[in-house]
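Letters go in sequence order (proteins before strands), and every chain restarts at 1. Heavy atoms only: backbone and side chains are in, while hydrogens, waters and symmetry mates are out. Because the structure is predicted, anything quoted here is derived from the model rather than measured.
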Number of protein chains: 2
Amino acid sequence: MLLARKTLSRRAPRLRDPERTRQRLLRAASREVYRYGFQSAGLDAILAAANVTKGALYYHFESKEALGHAVIEEVVAKLQRDRWLVPLQRSKDKEPIDALIGVVQAIPARPKDVKGGCPLVNLTQEMSQLDEQFRKRLERIFHAWQEGVAAALRRGQHQGTVRRDLVPEETASLLIAMVEGYEVLAKNAQDVKVWNMGIRNIVGWLSSLRAPGKRRRS
Amino acid sequence: MLLARKTLSRRAPRLRDPERTRQRLLRAASREVYRYGFQSAGLDAILAAANVTKGALYYHFESKEALGHAVIEEVVAKLQRDRWLVPLQRSKDKEPIDALIGVVQAIPARPKDVKGGCPLVNLTQEMSQLDEQFRKRLERIFHAWQEGVAAALRRGQHQGTVRRDLVPEETASLLIAMVEGYEVLAKNAQDVKVWNMGIRNIVGWLSSLRAPGKRRRS
DNA sequence: CCAGCAACATACCGACCAGTATGTACTCTG
DNA sequence: CAGAGTACATACTGGTCGGTATGTTGCTGG
């Protein structure tokens with residue numbers, strides 16, 4: 001019955017798989033935190049969702065805070081990279097403004113995403129004032145985000161497709177503020193329509209950043 | 001010793017003053033909720049800050065939720081009215097764009113305000129998804145806010161000082177999103193400089209809403 | 001094949017916390 | 001000025017939650 005086990009490296013249903021357990025915990029924790037916030041997230045609920053016991057949790061993480069830190073660094077940060085930095089990196093063939101418009105429009109707009117809001121905003125609102133450890137980790141993500149957008153804008157300025165009168169870092173922060181702001185409005189309304197309206201307005205504003213004159217090639 | 005008491009209606013140091021007690025509770029509760037969020041706000045902490053006992057609390061409010069609702073309707077809503085609607089109403093002599101710029105610049109920028117963030121955003125992020133009662137109350141405030149700004153923009157369009165190509169409601173929502181978004185960024189940074197930069201950018205954007213042509217009188 | 005450590009599992013603890021039961025003192029009305 | 005109801009005060013409860021102590025089992029190197 002268990003003869004097929006062997007040591008086939010992958011897919012062998014080992015009963016002990018610490019890395020897998022850790023990932024299950026991170027996954028369950030990020031969901032619970034996303035939904036209820038860090039402070040109100042219950043360890044017991046996380047354990048139940050991950051199908052893991054308390055002993056396993058405290059083997060992998062030394063406290064609830066440590067678990068929260070790992071969620072930020074490994075789940076939230078990755079999410080932000082995948083949605084913004086990677087796409088921006090990959091679309092260096094396109095004009096930066098078009099790339100940014102594409103990225104903004106690609107932000108998930110399913111009801112559950114809109115109703116849950118942006119994980120980054122959720123955690124910032126709850127924790128930045130209360131816990132410096134959380135704040136620093138979140139700030140790194142914001143900074144990378146802003147830097148990524150600013151880099152794209154700078155590239156556009158060099159190639160002449162983006163207005164030269166704007167400061168890339170500040171314009172980047174304004175874009176981020178708009179996105180986060182609309183996430184808040186849409187979360188409050190619990191309505192996808194609000195989010196879609198926000199995207200339209202943001203895209204319109206992004207278009208206004210193009211350098212004047214130079215007609216774009218169709 | 002207590003002869004001066006009488007029934008002088010006002011300022012008589014009565015030992016029982018239910019309305020005053022209620023206000024003390026609302027005040028203490030709003031501070032505690034502002035700082036820790038609704039769910040993490042402790043009743044005991046609120047009671048201690050208000051110098052009131054639990055019996056008094058449950059005489060005036062039937063539950064923690066009811067207290068939260070009252071905070072939103074009586075404290076947060078009033079704050080928003082005083083900062084946005086009233087100033088916009090009172091400055092009908094000015095051009096709407098100038099009025100809006102004035103209002104935005106008048107938002108408190110003390111360290112404690114920046115570090116605490118916007119009460120409306122705080123509560124929305126925490127509660128809109130979890131409790132429909134909270135959500136509806138917060139939505140009313142957002143709606144009044146947006147309507148107030150939109151009305152100002154419409155007025156500007158009629159008098160010819162605001163661009164006619166923009167939709168007042170949508171532009172209003174974009175302004176609100178920018179303000180809230182920068183509140184989030186500044187709260188994360190815990191830095192007044194971020195907020196001031198945000199205000200500059202928002203003011204710059206507001207200026208771009210002026211109708212072209214017509215030179216403004218100095 | 002077995003020793004020993006890694007990777008859990010279970011039971012339990014004290015703190016906290018919203019809410020309540022009940023008692024009491026102030027205040028107003030008649 | 002008395003009684004009744006308002007406006008509290010105090011003590012207590014049941015439940016939850018993060019954390020821990022301790023036991024147990026799977027796994028791996030020698």
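Distances shorter than 4.0 Å separate some side-chain N or O of A:T21 from OP1 or OP2 on C:dC8. Phosphate proximity of D:dC8 to B:H60: present, with a side-chain N or O under 4.0 Å from OP1 or OP2. One finds no side-chain N or O of B:Y59 lying less than 4.0 angstrom from the OP1 or OP2 phosphate oxygen of D:dC8.
Per the geometry, CG belonging to A:D17 stands 15 Å off C1' belonging to D:dT28, to the nearest Å. Taking atom CG of residue A:L57 and atom C1' of nucleotide C:dT10, one finds them 14 Å apart after rounding to whole Å. Rounded to an integer number of Å, the gap from CD of B:E19 to C1' of D:dT6 is 14 Å. Atom C1' of nucleotide C:dA7 and atom CZ of A:F61 are separated by 14 Å, given to the nearest angstrom. Put simply, CG on B:L47 is 12 Å from P on D:dC8, counting in whole angstrom units.
Residues satisfying the side chain to side chain contact (heavy atoms under 4.5 Å, CB included) criterion with B:T171, sequence neighbours excluded, are B:L153, B:L166, B:W205, B:L209. Scanning for side chain to side chain contact (heavy atoms under 4.5 Å, CB included) contacts around A:V114 gives A:A186, A:V192, A:W195, with sequence neighbours left out. Under the side chain to side chain contact (heavy atoms under 4.5 Å, CB included) criterion, A:E73 pairs with A:R137, A:R140, sequence neighbours left out.
Residue pairs satisfying the salt bridge (charged side-chain N to carboxylate O under 4.0 Å, His left out) criterion with at least one member in residues 23-43 of chain A, sequence neighbours excluded, are absent. Within the structure, salt bridge (charged side-chain N to carboxylate O under 4.0 Å, His left out) pairs that include any residue of residues 109-124 of chain A comprise A:R110-A:D113 (at least two apart or interchain). Screening residues 45-68 of chain A for side-chain hydrogen bond (donor to acceptor under 3.5 Å, both in side chains), with sequence neighbours left out, gives A:D44-A:K54. Counting only residues at least two apart or in different chains, salt bridge (charged side-chain N to carboxylate O under 4.0 Å, His left out) contacts with residues 170-186 of chain A comprise A:E170-B:R200. Pairs engaging residues 117-156 of chain A under the ring pair (Phe, Tyr, Trp, His ring centres under 6.0 Å) rule: A:F38-A:F134, A:H69-A:F134, A:W84-A:W145 [sequence neighbours left out].
Side-chain contact of A:E126 with A:Q39: a donor-acceptor pair under 3.5 Å is present, judged by distance alone.
Residues from residues 30-37 of chain A lying near DNA chain D, meaning a heavy-atom separation below 4.0 Å, are absent. For the segment residues 126-135 of chain A, the set of residues with a heavy atom within less than 4.0 Å of an atom of DNA chain C is empty.
Annotation: the span from A:L88 atom CG to A:R155 atom CZ amounts to 8.5 Å, rounded to 0.5 Å. Within the model, atoms CG of B:N196 and CD of B:Q105 stand 10.0 Å from one another, a figure rounded to the nearest 0.5 Å.
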Protein and nucleotides 22-24 of chain D: nitrogen or oxygen contacts under 3.5 angstrom:
none

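Paired with B:I141 under the rule side chain to side chain contact (heavy atoms under 4.5 Å, CB included), one option of B:I72, B:T124, B:L123 passes, and it is B:I72.
Within the 4.5 Å cutoff, no side-chain heavy atoms of B:Q80 are placed close to those of B:L85.
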For every nucleotide of nucleotides 12-19 of chain C, 5' to 3': is a protein heavy atom under 4.0 Å from its base (B), only from its sugar-phosphate (S), or from neither (-)?
------BB

